[in-house]
Each structure stands twice: as C-alpha cells, then as structure tokens.
Amino acid sequence: MENRIYNFSAGPCTLPNEVMLEAQKDFYSYKGQGLSVMEMSHRSKTYDEIIVSAEKDLRTLLNISDDYSVMFLQGGATLQFSMVALNLMPPNNKADYINTGAWSKKAITEAKRVGEVNIAATSEGKNFNYIPKQDAFNLTPGASYVHYTSNNTIFGTGFKTEPEVGDVPLVCDASSDILSKPIDVNKYGLIYAGAQKNMGPAGAVLVIVKKSLLERSPNELHTYLNYNTHASKGSMYNTPPTYTIYIMGLVYKWLLRNGGLDAMQKVNEAKAKLLYDAIDNSDGYYKGAAAIEDRSLMNVTFNLANEELEKKIIAEATAKGFSGLKGHRSVGGLRASIYNAFPTTGVEALVKFMTDFKSNN
Ligand SMILES: *Cc1c(COP(=O)(O)O)cnc(C)c1O
C-alpha cells in the first residue's frame, strides 16, 4: 500500500483497503464489460444486479425482515431530519426527541416545522458529554415516534442499548455507528444513516423503514419527499447515486466475508479499548471528553491540559501521517474516528505516538 496515511476523519472517512482495490480494478471497465459503473445506465441489467445485491447483502448483515423496506436515497442524513418528520409525524403531529448532540438538534429543528416536538431528554446542560438514562426520559403517550441519535459523532458518546419506548415507533439516526455491531431491526420503526461514515463514500443515505409506517405519509407531500415513492420503485424513482451504492455493496460483501457484524463488534471494541486505555492510563495527561459509561466505540474524543498542547500534538501527528485528529470546534481537543474500516494497526500506531508525545512534552 503506497502512501496511505492513517485517516481518522469523522466522515467521509477511511474505506476498507480491499474494497478500494477491488473498485480500482473494475473502475475503468467493470468486470470486462467495457464501461465503468459510473457510466452505465441505472436501468441496465448489470446495475440492477449491483443495487439488488447491495440490498440483499445488507438485509443479510442486519437480518432485516420483509416487514421492512430498504431505500438508498440522496440528501444525506440531513434530508432525513425533514423526511422523517414529514412522513411519520402525521396524523398526530407530535413526536418525542432525545437530544444528545448537534445532529439531534438539527433533527429537532426540522421536526418543529412539521409538528409539536417534546424533548424527552437532553444532555445539553453538560455540553452533551453523556447519554441521558432511561429513567430520565419523559415520553409522551401517543407520540408519533421517538427519535434518537445512536452515536454522537461530534461529542463521542453512544447509546449502549436502544431507548425503551413501548409501542411507539423508534426512529434512529444511526449515521455514525450503523453496521458497527449487530442490532435488532425489529425494535425500530425507522433507521437512517448517511453512507459516508461506515458504509461508503458520500452521496447516499440508507433508510430502513417498517412498511406499516408508510401508510402515514400524507398524499399532498412532494413526490420526492414521500417514502412511498422510493419504496415502491426500489430506490429507482430517479437516478440514484449509482457509484456510491456500488461501493456500499462492496463494503457489505467485505463485512460478510469478515464474519459479519458480530465479528465487527469484537474488532471495534478491541480498537476502542486500546485508545481509551491509553487515555485512562496516562495519569491525566490525556482526558476523555465523554462520560466513561457512554463512550462511543466509533469517535474517541479527548483533551490535553491546554489548547497550546493540543495544537502541538495535532501538528506533530499530522506530520507523522495521522490525519483528521482535530476535534470538532464545539468540543475542542482531539477526536479519533475509528470506524469499521479503520485498521487496528493505525490505532496501535496512534497509541505509541501518544505515549511518545507524553514523554517528550
Ligand atoms: C454526519 C452525520 C449526519 C449528517 O450527515 P449528512 O449525510 O452529511 O447529511 C447526521 N447525523 C449524524 C449522527 C452524523 O454523524
């Protein structure tokens, strides 16, 4: 592998080497057919096989039943902030939101344009450094749904288990931890996730929705914003982001080859432990930003004693080929995003670098 750096970017982020090389092999002429996936009609037989097998492999990975529709849409997770509310809030027009960070807040802003939003719990008072606990949730009986963000990319916190919401459909923004561990899809009404953190390049958002909820979408919705449009057309109402979906499909095959989500979870837990242990065993030199019990396995956020030292370590790290470690401006410090495709060797190398930096500074 020539000239590859360790890319800790929060997204778009590192993709599996095997996937990159396979895509490279087929880039110019897909399986000898004389054209690139980028150049072929989305209505062609070849492309149909690509998108159908991507969906099939995803269904296998997450054990998704026929009660659910799977869609590859555009507009990122961000458009889902609106589409979820527009499609699922009616007819009651009230929904519960758990506010655990910047992305939750953006979802709340859009939902408020559609109906009544109850903030069932929030950790904003402590700059989102923890996940509110179940007994603190103030859930509304008869709410259209409960929305939460399973992993908070910016703050480095994550839910260890789904909120318990009774019969109310659970809606999850799983953008930054989808496919990082097994989940029981049957617990959810809807799951959405932008592709560019754990599934592929930017350009697509995955939506998994319980078919029975599709009855809620009002007829007067704009065609493109109505889930039924996409569900009934196999994500082919208009031209889908063909190349992104192709790479997502390769990532799904890579996951299946490597033991699926159980295996992925083990690797992710081991990788995160390496880094959190390095932080916790540094005699306070490095300080984890999130409450220990709510730490994310995907985004490890931490600080040093002062901003000057943080600037210094980021500069030295960058020079050594560790890229994307600067924390989001709302948290400061450092953030190491170690999604599925991020190699264990990269985490080990960062830990060694952090140990050396500490001795020298
Ligand atoms: C990155 C991210 C988003 C935004 O995704 P886009 O695809 O850029 O719209 C939303 N939610 C979470 C949790 C994210 O990490």
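Other residues, nucleotides and ligands place more than 12 heavy atoms under 6.0 Å from the OH atom of Y224. In this structure, E293 places its CD atom where more than 12 heavy-atom neighbours from other residues, nucleotides or ligands lie under 6.0 Å away. Under a cut-off of 6.0 angstrom, the local environment of CG in N360 is crowded, with over 12 non-hydrogen atoms contributed by other residues, nucleotides or ligands. Summarising the local packing, NZ of K133 is surrounded by more than 12 heavy atoms from other residues, nucleotides or ligands at distances under 6.0 Å. For CE of M236, the number of neighbouring non-hydrogen atoms (other residues, nucleotides, ligands) closer than 6.0 Å is greater than 12. Remark: K45 NZ is loosely packed, at most 12 non-hydrogen atoms of other residues, nucleotides or ligands lying under 6.0 Å away. Residue E348 qualifies as enclosed at atom CD: its count of foreign heavy atoms under 6.0 Å is above 12. Atom CG of N63 has 12 or fewer heavy atoms from other residues, nucleotides or ligands within 6.0 Å.
For the pair T244 and M248, the minimum side-chain heavy-atom distance is below 4.5 Å. Using a 4.5 Å heavy-atom threshold, the side chains of L21 and Q24 count as touching. In this structure, the side chains of Y246 and I51 stay at 4.5 Å or more apart for every pair of heavy atoms. Contact check for N228 versus Y237: no side-chain heavy atoms found under the 4.5 Å cut-off. Considering only heavy atoms from C-beta on, P12 stays 4.5 Å or farther from P201 through its side chain. Considering only heavy atoms from C-beta on, I279 comes within 4.5 Å of V300 through its side chain. For the pair E18 and R257, the minimum side-chain heavy-atom distance is below 4.5 Å. In this structure the side chain of K181 never reaches within 4.5 angstrom of the side chain of N268, judged on heavy atoms.
Distance check, rounded to the nearest 0.5 Å: OG of S296 to CZ of R335 gives 10.0 Å. Once rounded to the nearest 0.5 Å, the distance linking CD of Q134 with CD1 of I131 reads 12.5 Å. Separation of atoms CD1 (I64) and CG (L61) is listed at 8.5 Å; rounding is to 0.5 Å. To the nearest 0.5 Å, atom CD1 of residue I154 and atom CG of residue N152 are 8.5 Å apart. With rounding to the nearest 0.5 Å, the separation of OG in S282 from CZ in F302 is 9.5 Å. Residue Y252 holds its OH atom at 4.5 Å from CG of L58, rounded to the nearest 0.5 Å.
A single hydrophobic cluster is seen to contain both V84 and I119, as judged by linkage of ILVMFWY side chains at heavy-atom distances under 4.5 Å, directly or through other members. Side-chain heavy atoms closer than 4.5 Å link hydrophobic residues (I, L, V, M, F, W, Y) into clusters, and following such links, even through other members, never connects F357 to I5. If you chain together hydrophobic residues whose side chains sit under 4.5 Å apart, F155 and Y148 never meet in one group. Under a hydrophobic clustering in which Ile, Leu, Val, Met, Phe, Trp and Tyr are joined whenever their side-chain heavy atoms come within less than 4.5 Å, directly or via other members, L79 and M199 fall into different clusters. Residues L214 and Y68 are members of separate hydrophobic clusters, defined by side-chain heavy-atom contacts under 4.5 angstrom among Ile, Leu, Val, Met, Phe, Trp and Tyr.
Checked against side chain to side chain contact (heavy atoms under 4.5 Å, CB included), E124 has the following partners two or more places apart in sequence or in another chain: N99, K105, T122, F128. In terms of the side chain to side chain donor-acceptor pair (under 3.5 Å) criterion, residue partners of R295 (sequence neighbours excluded) are, by chain and number, D280.
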Trace of the side-chain contact (heavy atoms from CB on, under 4.5 Å) decision for N238 with H42: CA-CA 9 Å; N238 70 326; H42 57 297; over 6 Å; no

Checking side-chain hydrogen bond (donor to acceptor under 3.5 Å, both in side chains) for the pair Q265/S180: CA distance, chi angles, key distance, verdict? CA-CA 6 Å; Q265 178 173 24; S180 67; over 6 Å; no

Apply side-chain contact (heavy atoms from CB on, under 4.5 Å) to residues L170 and E164 and explain how you reach the verdict. CA-CA 9 Å; L170 185 61; E164 283 164 35; over 6 Å; no

Assess whether side-chain contact (heavy atoms from CB on, under 4.5 Å) is satisfied between Y286 and I313, documenting all intermediate values. CA-CA 11 Å; Y286 299 109; I313 190 171; 3.6 Å; yes

Going through the checks in order, is the side-chain hydrogen bond (donor to acceptor under 3.5 Å, both in side chains) test met by N198 and D177? CA-CA 7 Å; N198 246 338; D177 69 348; over 6 Å; no

Between K312 and N361, does the side-chain contact (heavy atoms from CB on, under 4.5 Å) criterion hold? Intermediate values first, please. CA-CA 10 Å; K312 185 161 189 232; N361 294 273; 2.3 Å; yes

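Screening N299, T14, T301, N7 against S337 for a side-chain hydrogen bond (donor to acceptor under 3.5 Å, both in side chains) leaves a single residue, N299. With M71 as the partner, the side chain to side chain contact (heavy atoms under 4.5 Å, CB included) test is satisfied by one option alone out of I208, V207, T229: V207. A side chain to side chain contact (heavy atoms under 4.5 Å, CB included) with L206 holds for exactly one of V70, I191, I245; it is V70.
Here H147 and Y97 bring their ring centres to under 6.0 angstrom of each other. Residues F72 and H230 keep their aromatic ring centres 6.0 Å or farther apart.
Taking 4.0 Å as the cut-off between side-chain N and carboxylate O, R59 and E55 count as a salt-bridged pair. A salt bridge between E316 and K320 is absent, with no side-chain N of the basic residue lying under 4.0 Å from a carboxylate O of the acidic one. Between E110 and R113, at least one side-chain N (NZ, or NE/NH1/NH2) sits under 4.0 Å from a carboxylate O, which counts as a salt bridge. A salt bridge is absent between K253 and E22: the closest approach of a Lys/Arg side-chain nitrogen to an acidic carboxylate oxygen does not fall below 4.0 angstrom. Ion pairing between a basic and an acidic side chain is recognised when a charged N comes within 4.0 Å of a carboxylate O; K106 and D173 show no such pairing. Salt-bridge formation is not detected for the pair D262/K266: no Lys NZ or Arg NE/NH1/NH2 atom is positioned less than 4.0 Å from an Asp or Glu carboxylate oxygen.
Side-chain polar atoms of Y30 and E39 form no donor-acceptor pair below 3.5 angstrom. Residues S104 and T149 bring a donor and an acceptor atom of their side chains to less than 3.5 Å of each other. Side-chain N/O atoms of N92 and S144 include no donor and acceptor closer than 3.5 Å. Side-chain contact of S176 with N151: a donor-acceptor pair under 3.5 Å is present, judged by distance alone.
Closest non-hydrogen pair, L261 versus P182, comes out as O-CD, 3.6 Å. Pairing each heavy atom of W254 with each of N340, the nearest pair is CH2-O, 3.8 Å. The nearest pair of heavy atoms linking G189 to P169 is CA-CB, 4.2 Å.
Taking the six-membered ring where the residue is Trp, F81 and W103 present tilted rings, their angle falling between 30° and 60°. Taking the six-membered ring for Trp and thresholds of 30 and 60 degrees, Y6 and F342 have ring planes inclined between 30 and 60 degrees apart. Relative ring orientation between F159 and F137 is described as tilted, the plane-to-plane angle lying within the 30° to 60° band.
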